[in-house]
Participant: 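Take this structure first; my questions come after.
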Amino acid sequence: MEYNFKQVEKKWQDRWEETGVFHAKNDYSKPKYYCLVEFPYPSGQGLHVGHPRSYTALDIVARKKRLQGYNVLYPMGWDAFGLPTENYAIKNHIHPEIVTKQNIAHFKAQLQALGFSFDWSREINTTDPDYYKWTQWIFLQLYKKGLAYKKEMAVNWCTSCKCVLANEEVVNGVCERCGSEVVRKVKSQWMLKITEYAQRLVDDLDDLDFIERVKTQQKNWIGRSTGAEVDFEAETGDKITVYTTRPDTLFGATYMVMAPEHALIDQWADTITNMDEVAAYRAAAAHKSDFERTEVNKDKTGVELKGVKAINPVNGKKIPIFISDYVLASYGTGAIMAVPAHDTRDWEFAKKFGIPMVEVVKGGDIEQEAFTDCASGVMVNSGFLTGLTVDQAKLKIIKYLEKEGKGRAKVNFKLRDWVFSRQRYWGEPIPIVKCEKCGYVPLPESELPLKLPNVESYEPTDNGESPLANLTDWVKTTCPCCGGPAERETDTMPQWAGSSWYFLRYCDPHNSEALASKEALEYWTPVDWYNGGMEHTTLHLLYSRFWHKFLYDVGVVPTKEPYQKRTSHGMILGENGEKMSKSRGNVVNPDDIVNEFGADTMRLYEMFIGDFEKAAPWKTSSIKGCKRFVDRFWNLQEIVADGDSIRPALESVFHKTIKKVTFDIDNLKANTAIAALMSLLNEIYETGSISREELRIFTILLNPFAPHVTEEMWEIQNFGGAVTGASWPTYDEAKCKDSVIELAVQVNGKIRARITVDAEISNDDALAAAKAAPAVAAEIDGKTVVKEIYVKGKLVNIVIKK
RNA sequence: GCGCUUGUGGCGGAACUGGCAGACGCGCCGGAUUUAGGAUCCGGUCCGAGAGGGUGCAGGUUCGAUUCCUGUCAGGCGCACCA
């Protein structure tokens, strides 16, 4: 009997939709489980084969948890604001809202064809005013707490598109889309103070069940470093504060370097004797794009500030001051003390400019290269620090500086505040007005949502303003504070805004009074398991943790962290092992696979393709193995025999398989779970029949992976109700064990025999049986046995002297 | 340069805390069925005739190493003058 997957899959997808069987219940007395996958950006290209990898993995978890009796929330929605839609709208003069609607319909149909058990009654869409009302509301709370502020910032400006680009859209110094030159333009931008949360964003990772590489990548991105600030005095009497992680090397500071943008330089304009040269260098640095600045990084450049020297606070020595673009204005204090003997960059610079070096940590050869090792080495030429280790010296010098008032311990972060403005149409309007009298005034919450107005053209304006800036009627408004004339903010929020809190909305998606009710949040949060791509580790994941912590601080959410567990899937590559892309011509369309092989087979293949966390190349020819598995499962009907128990011969393998599948699903190892089910199926076929109870259990075990064929099987076999209402089978640890086992017998580590023994055999009996095996006996005959090892249930190793 | 990560048959990949390397699947070979092909079913498949040799390479620890340690090579990802 051939399995008609097309008919069966459609039948069950329709039935799931009708019965709402996967809707999360609002019964807060049951144990809950919240599974989350990153909601997609509904692009015009439709679903990619990469999407179902993540969705299937957590669909399996969600389905299993339901069978285990949990109230499961497994929702889906649309992260629908964003550039590609806007660009499509510009090109084709179609409203982005319409494009978005079409794309969502297409995506949703594709997802439903794969049989995911999403709770579609909780579907959300970031571009829906009922949704972004709350995105705007959160922004207002941030503003009220002083965490949103405006700042003059250099932004990326594409000369051809005449628009502002996000950093991610600038590739190798040119526009990602058109390849034209990108220049810097100074604009006033909304910023969010994520730096205020830097410390907590690092510390709180400790209590989370995130995979290690996600934690390290977040930590590296936040870039916490501990050191000290040291105050140098200039001959002018001004204080120059520097940040250093190596205060122990202070006696080796032979010059200072300031960022070209440093404010003191202007103050010293009359004192500096070579101001022309200095000004020229500063102008050149200002013109360089970030790209150029990092490209030139091989060769250090700089100019000495002649006429001003600084005084080293520990030894009173006068040292020269340089400006150089290898010192960044945006990190630390924008100035450093340079210790060429013990810092690679300072060493290069000093070599080039002929500045003397002073070795203050012994252990390297500073003529050859800077000695930067902290772990070994003893302080020399360092006054009261001489003779100490580096660590001791760090503590002592900080104590000294603090006592003298010349410095202090200091922690710094690489993390910068979040640039929150986009000069774009297709995003959430920022709910702020600018009043000449009152300054920036937040809209009253009663006026939310501030809806996106219709515009004629979505194209950004020539001067880099958002398309909204052309809508005079919309821009001109009255000040909520004084009632006088005011102007609306015309920038919109970045795409990261809507996705920073979406998982909260799923808890209570139709609430018009709050972003979600307190009860719903208490019950559902935190997300128990969140899976997504590594590409979102540093932006989305960090941003949403930041917003969540803020919402916690203002009493909106009950948990400090949004996600308890975070895992990450590897990419699915093209058949040639390269990243799938249109231009490489190696894109696989999931629709084609579903049409040809069916959704169950597609799901199985996506899981069976390899280690979930690693990248894996797609191979269409391998799919048939999964198709055969589905068909062979279906054909079990032909050999089903009466019997309401597991036959004794299969008891141990059944219990082992239940154990393995249960364990593997929880550990993201669907690939080996499927392999175990395939093995079990092979064993069943070897016996020539299957009992009804065996088929019932097999059907439940396979259900999370292949939901359609198992539903149909359940119904045909009349197992009662639907398989989605069944209970996940349990295993008996005692029955997982075999009564007789095969031991490998080694002599000096080489296998010489295999013996079959009772599983509970004693140590001595095992060794005796091993030595009695003919091949072993022959080899050890007349030799001295040095050692005998029995590893329970596995092997025996006899070590003899040669 | 720094951080993370990977390296196992023709291919995708298995192997729990050091204990029988290659599970499961693809492909391939042989057979059955078929007018033929496809599909299906059965058997075989790391290399080597064999002793033996095999987890990128070279060492080390161990009775025993894909697993631990040292060095080295190659690929992938991320960050990139962060003082």
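These values consider heavy atoms only, across backbone and side chains, with no hydrogens, waters or symmetry-generated copies. Just so we're on the same page: letters track the sequence lines, and every chain starts at 1.
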Participant: Would you measure the distance from the C1' atom in rG9(B) across to the matching atom in rG13(B) and give it in whole Å?
Facilitator: 11 Å

Participant: Knowing that exactly one of I658(A), T657(A), I684(A) qualifies, which makes a side chain to side chain contact (heavy atoms under 4.5 Å, CB included) with F698(A)?
Facilitator: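 Exactly one pass, corresponding to I684(A).
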
Participant: What's the closest nucleotide to the D343(A) side chain, out of rU6(B), rC26(B), rA83(B)?
Facilitator: rA83(B)

Participant: In terms of side-chain geometry, is the basic nitrogen of E606(A) or R53(A) positioned less than 4.0 Å from the acidic oxygen of its partner?
Facilitator: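 R53(A) and E606(A): not salt-bridged.
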
Participant: If you assign T216(A) and K660(A) each to the RNA chain B nucleotide with the nearest heavy atom, which residue ends up on the more 5' nucleotide?
Facilitator: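 By nearest-heavy-atom nucleotide position, the 5'-most residue is T216(A).
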
Participant: If I take atom CE from residue M258(A) and atom OG from residue S324(A), how far apart are they, to the nearest 0.5 angstrom?
Facilitator: 13.0 Å

Participant: Nearest whole angstrom, please: distance from the P of rU6(B) to the CD1 of I211(A).
Facilitator: 11 Å

Participant: From CD of E578(A) over to P of rC77(B), roughly how many Å is that when rounded to an integer?
Facilitator: 11 Å

Participant: Can you tell me which nucleotide in rA14(B), rG25(B), rA83(B) comes closest to the side chain of F608(A)?
Facilitator: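 Nearest to the side-chain atoms of F608(A), counting from C-beta on, is rG25(B).
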
Participant: Choose from rG19(B), rG13(B), rC63(B) the nucleotide whose nearest atom is closest to any side-chain atom of V799(A).
Facilitator: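 When the side chain of V799(A) is considered, rC63(B) is the closest of rG19(B), rG13(B), rC63(B).
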
Participant: How do E742(A) and I336(A) order along RNA chain B: which one's closest nucleotide is nearer the 5' end?
Facilitator: E742(A)

Participant: At 4.0 Å (heavy atoms only), tell me whether K669(A) reaches a base, stays on the sugar-phosphate, or touches nothing.
Facilitator: sugar-phosphate

Participant: Measure up the F322(A) and F353(A) rings against each other and bin them: parallel (under 30°), tilted (30 to 60°), perpendicular (over 60°).
Facilitator: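 Aromatic pair F322(A)/F353(A) classed perpendicular.
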
Participant: With sugar-phosphate meaning primed atoms plus P, OP1 and OP2, does E535(A) contact a base, only sugar-phosphate, or nothing at under 4.0 Å between heavy atoms?
Facilitator: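 E535(A): no heavy atom of the nucleic acid under 4.0 Å.
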
Participant: Is K794(A) side chain donor-acceptor paired with the rC16(B) base, going by distance under 3.5 Å alone?
Facilitator: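 It does, because a donor-acceptor pair links the side chain of K794(A) to the base of rC16(B) below 3.5 Å.
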
Participant: What is the glycosidic conformation of rG10(B): syn, defined as within 90° of 0, or anti?
Facilitator: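 Nucleotide rG10(B) adopts anti.
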
Participant: Whole angstrom is fine here: how far is it from OH in Y326(A) over to C1' in rA83(B)?
Facilitator: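 These atoms are roughly 8 Å apart.
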
Participant: I want to verify a distance call: between rC4(B), rU40(B), rC79(B), whose nearest atom is closest to the W221(A) side chain?
Facilitator: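 For W221(A), the side-chain atoms sit closest to rC79(B).
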
Participant: Can you tell me the pairing partner of rA80(B) across any strand shown, Watson-Crick or G-U wobble, with both distances under 3.5 angstrom?
Facilitator: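 Checking every strand shown, rA80(B) finds no partner, since no pair has both distances under 3.5 Å.
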
Participant: Check every atom of rC26(B), rG19(B), rA83(B) against the side chain of V327(A) and return the nucleotide holding the closest atom.
Facilitator: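 Of rC26(B), rG19(B), rA83(B), rA83(B) is nearest to the side chain of V327(A).
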
Participant: Name the nucleic acid region contacted by D611(A), choosing base, sugar-phosphate or nothing; use a 4.0 angstrom heavy-atom cut-off, strictly under.
Facilitator: sugar-phosphate

Participant: Reckon S225(A) has a side-chain N or O less than 4.0 Å from the OP1 or OP2 of rA83(B)?
Facilitator: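 Yes, within the criterion.
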
Participant: Does a salt bridge link K656(A) with D738(A), judged by any charged N lying under 4.0 Å from a carboxylate O?
Facilitator: yes

Participant: Tell me: CD of E613(A) to P of rA14(B), nearest whole Å?
Facilitator: 11 Å

Participant: Is the phosphate of rC26(B), meaning OP1 or OP2, less than 4.0 Å from a side-chain N or O of R628(A)?
Facilitator: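 For rC26(B), OP1 or OP2 has a side-chain N or O of R628(A) closer than 4.0 Å.
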
Participant: Salt-bridge test for E788(A) and K771(A): reply yes if a basic N is under 4.0 Å from a carboxylate O, no otherwise.
Facilitator: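 Answer for the salt bridge query: yes.
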
Participant: Would you kindly give the OH-to-C1' distance between Y605(A) and rC26(B), to the nearest whole Å?
Facilitator: 9 Å

Participant: Is there a Watson-Crick or G-U wobble partner for rG37(B) with both distances under 3.5 Å, and which nucleotide is it?
Facilitator: none

Participant: Can you tell whether the side chains of R566(A) and E212(A) come within less than 4.0 Å, N to carboxylate O?
Facilitator: no

Participant: Would you mind classifying the nucleic acid contact of K579(A) as base, sugar-phosphate or nothing, using non-hydrogen atoms under 4.0 angstrom?
Facilitator: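 Nothing: the residue K579(A), judged by heavy atoms under 4.0 Å, touches no strand.
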
Participant: With P as the reference atom in both, quote the distance from rG76(B) to rG25(B) in angstrom, rounded to an integer.
Facilitator: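 Here rG76(B) and rG25(B) have their P atoms 33 Å from each other.
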
Participant: For rC28(B), what is the paired nucleotide under Watson-Crick or G-U wobble rules, both distances under 3.5 Å?
Facilitator: rG44(B)

Participant: How is I751(A) classified with respect to the nucleic acid when contacts are heavy atoms under 4.0 Å: base, sugar-phosphate, or nothing?
Facilitator: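 Counting heavy atoms under 4.0 Å across all strands, the contact made by I751(A) is with sugar-phosphate only.
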
Participant: M571(A) CE to rC77(B) P: how many Å, rounded?
Facilitator: 7 Å

Participant: Any donor-acceptor pair under 3.5 Å between the side chain of K300(A) and the base of rC81(B)?
Facilitator: yes

Participant: Choosing from rG78(B), rC26(B), rG13(B), which nucleotide comes nearest the side chain of N671(A)?
Facilitator: rG13(B)

Participant: Can you tell whether the side chains of D231(A) and R408(A) come within less than 4.0 Å, N to carboxylate O?
Facilitator: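 Looking at R408(A) together with D231(A), the answer is yes, because their closest N to O distance falls below 4.0 Å.
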
Participant: Taking only N and O in the side chain of R752(A), is any of them less than 4.0 Å away from OP1 or OP2 of rG52(B)?
Facilitator: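 Answer yes for this pair, as a side-chain N or O of R752(A) is under 4.0 Å from OP1 or OP2.
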
Participant: Where the side chain of D325(A) is defined as all heavy atoms beyond and including C-beta, which of rC81(B), rC63(B), rA83(B) is the nearest nucleotide?
Facilitator: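 Nearest nucleotide to the side chain: rC81(B).
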
Participant: In whole Å, measure the gap between the C1' atoms of rU67(B) and rG60(B) for me.
Facilitator: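 To the nearest whole Å, 15 Å.
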
Participant: From the list rA23(B), rC26(B), rG25(B), which nucleotide is the closest neighbour of the side chain of N682(A)?
Facilitator: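 Nearest to the side chain of N682(A) among the choices is rG25(B).
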
Participant: From the list rA14(B), rA83(B), rG27(B), which nucleotide is the closest neighbour of the side chain of T245(A)?
Facilitator: rA83(B)

Participant: Does rG78(B) have OP1 or OP2 sitting under 4.0 Å from an N or O in the side chain of R213(A)?
Facilitator: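 R213(A) to rG78(B) OP1/OP2: no side-chain N or O under 4.0 Å.
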
Participant: Under 4.0 Å from OP1 or OP2 of rC41(B): is there any side-chain N or O of R632(A) that close?
Facilitator: yes

Participant: Using the side-chain heavy atoms of Y243(A), tell me which of these nucleotides is nearest: rC81(B), rA83(B), rA15(B).
Facilitator: rA83(B)

